[in-house]
Amino acid sequence: MPELPEVETVRRSFVRARLQGPVTAVWRSAKALRTGNAWNQENLQALEGARPGKLQRRGKFLVWRFDTDAGTLGWLVHLGMSGRFVIARPDTQREPHTHVVVSFEDGREARFVDPRRFGGMRVAPIEQLFAEPPLSDLGPEPLARGFDMACLERAAGKSKRALRDVLLDQRVVAGVGNIYANEALFEARLHPLLPAYRLSESAWLRLADAVVSVLTRGLSNGGTTLRDYRDGNGRAGRNQDALNVYGRAGESCHDCSAVIVGFTLGGRGGAFCPEHQRRSRARRVP
DNA sequence: CAAGAATCCTGAATGC
DNA sequence: TGCATTCAGGATTCTT
């Protein structure tokens, strides 16, 4: 599932590819993406004739600027669970579940492939795109200057919610998903089910540092590929080998050899080390 | 207001 | 072997 490091890796591969405009054609499959999502108004035909500009990322969203005679448009793309955004030659076979193809004058095309169709997209004037949900609801960028423990504490310091769910809330911090939430909690030595209001100042500091640290490592490893994720050139990431807890329930902890414990909360799985991530400071009596 | 459940979807994994 | 069932999960919307 693409989270901040994966989406940023995709962004970088598109920036390196430097697709040259203008857009010559837009193709859309017959199947809808994520119905029941108010912002998912595709309006893709507005991109025809537009010239590609800066490609940005906000949380797990890509925002690609396109210049037209009538002003600047933004193409908002979310990869959902199984989405891929790839650069391809027109004469190569389209993967199954290809739902959007945008062709550029230089002969290449951008393809959006999403088997589960949990992804979404929208084209709108750029100011409007940033002013409305989902972008307007996002919390701070964890890898930007200014992100620190105060951001987390302000947003969730009084919440009774479990830490794992606080980290998944895009209003608290943008771009963290289930993999990196669990990894950050391991790194910070905090139990994923601990209510947020119980954290001490030092624990908030550890957590903020851990979020930055696991995202940075994920990014330098080119993202985590558990199943579907690929970068813009179709390549898998390498961060799956660096995971400490996510997907490792029943295996032993890399640091202490305790057996990693799996759990489910709100329909979403997670995992933690029972030795490193205790609910309280009290040590268990052997 | 907050927290939990339901919703969307398909392929992989499991069950019989 | 083959068919049916279960499950996973991001973000939103609906309930409680």
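Each chain gets a letter, A, B and so on, in the order the sequences are listed, and its residues count up from 1.
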May I have the distance from [X] (atom [atom1]) to [N] (atom [atom2]), rounded to whole angstrom?
| X | N | atom1 | atom2 | result |
| --- | --- | --- | --- | --- |
| A/Leu4 | C/dG10 | CG | C1' | 15 Å |
| A/Asp114 | B/dC9 | CG | C1' | 9 Å |
| A/Asp169 | C/dA11 | CG | P | 10 Å |
| A/Leu33 | C/dG10 | CG | C1' | 14 Å |
| A/Lys60 | C/dT12 | NZ | P | 10 Å |
| A/Leu226 | B/dG11 | CG | P | 19 Å |

Could you give the side-chain donor-acceptor pairs of residues 254-269 of chain A under 3.5 Å, partners two or more places apart or in another chain?
| from | atom 1 | to | atom 2 | distance (Å) |
| --- | --- | --- | --- | --- |
| A/His254 | ND1 | A/Asn244 | OD1 | 3.2 |
| A/His254 | NE2 | A/Arg248 | NH2 | 3.3 |
| A/Asp255 | OD2 | A/Arg189 | NH2 | 3.3 |

Worksheet item: Does the pair A/Asp114 and A/Ser82 meet the rule for a side-chain hydrogen bond (donor to acceptor under 3.5 Å, both in side chains), with working shown?
Response: CA-CA 5 Å; A/Asp114 188 4; A/Ser82 57; 2.6 Å; yes
Worksheet entry | NZ or CZ of A/Arg94 within 45° of A/Trp27 ring axis and under 6.0 Å |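 The answer is yes; both the distance and angle limits are met.
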Check every strand shown and say whether [X] touches a base, only sugar-phosphate, or nothing at a heavy-atom separation below 4.0 Å.
| X | result |
| --- | --- |
| A/Pro133 | nothing |
| A/Lys158 | nothing |
| A/Tyr229 | nothing |
| A/Ser82 | nothing |
| A/Gly269 | sugar-phosphate |

Any idea which of [options] is nearest the [X] side chain?
| X | options | result |
| --- | --- | --- |
| A/Gln170 | C/dT12, C/dA11, B/dA3 | C/dA11 |
| A/Arg161 | C/dG10, B/dA3, C/dG9 | B/dA3 |
| A/Lys160 | C/dG9, B/dA3, B/dC9 | B/dA3 |
| A/Arg116 | C/dG9, B/dA3, B/dG11 | C/dG9 |

Fill in: Under-4.0 Å side-chain N/O to phosphate OP1/OP2 contact, A/Arg268 with C/dA8
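A/Arg268 to C/dA8 OP1/OP2: no side-chain N or O under 4.0 Å.
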Discussion item. Please tell me if A/His97 has a side-chain N or O lying less than 4.0 Å from either OP1 or OP2 of B/dC9.
Written reply: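 Checking A/His97 against B/dC9: no side-chain N or O falls below 4.0 Å of OP1 or OP2.
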Worksheet item: Would the A/Phe272 and A/Phe186 ring centres measure less than 6.0 Å apart?
Response: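 No, ring centres 6.0 Å or more apart.
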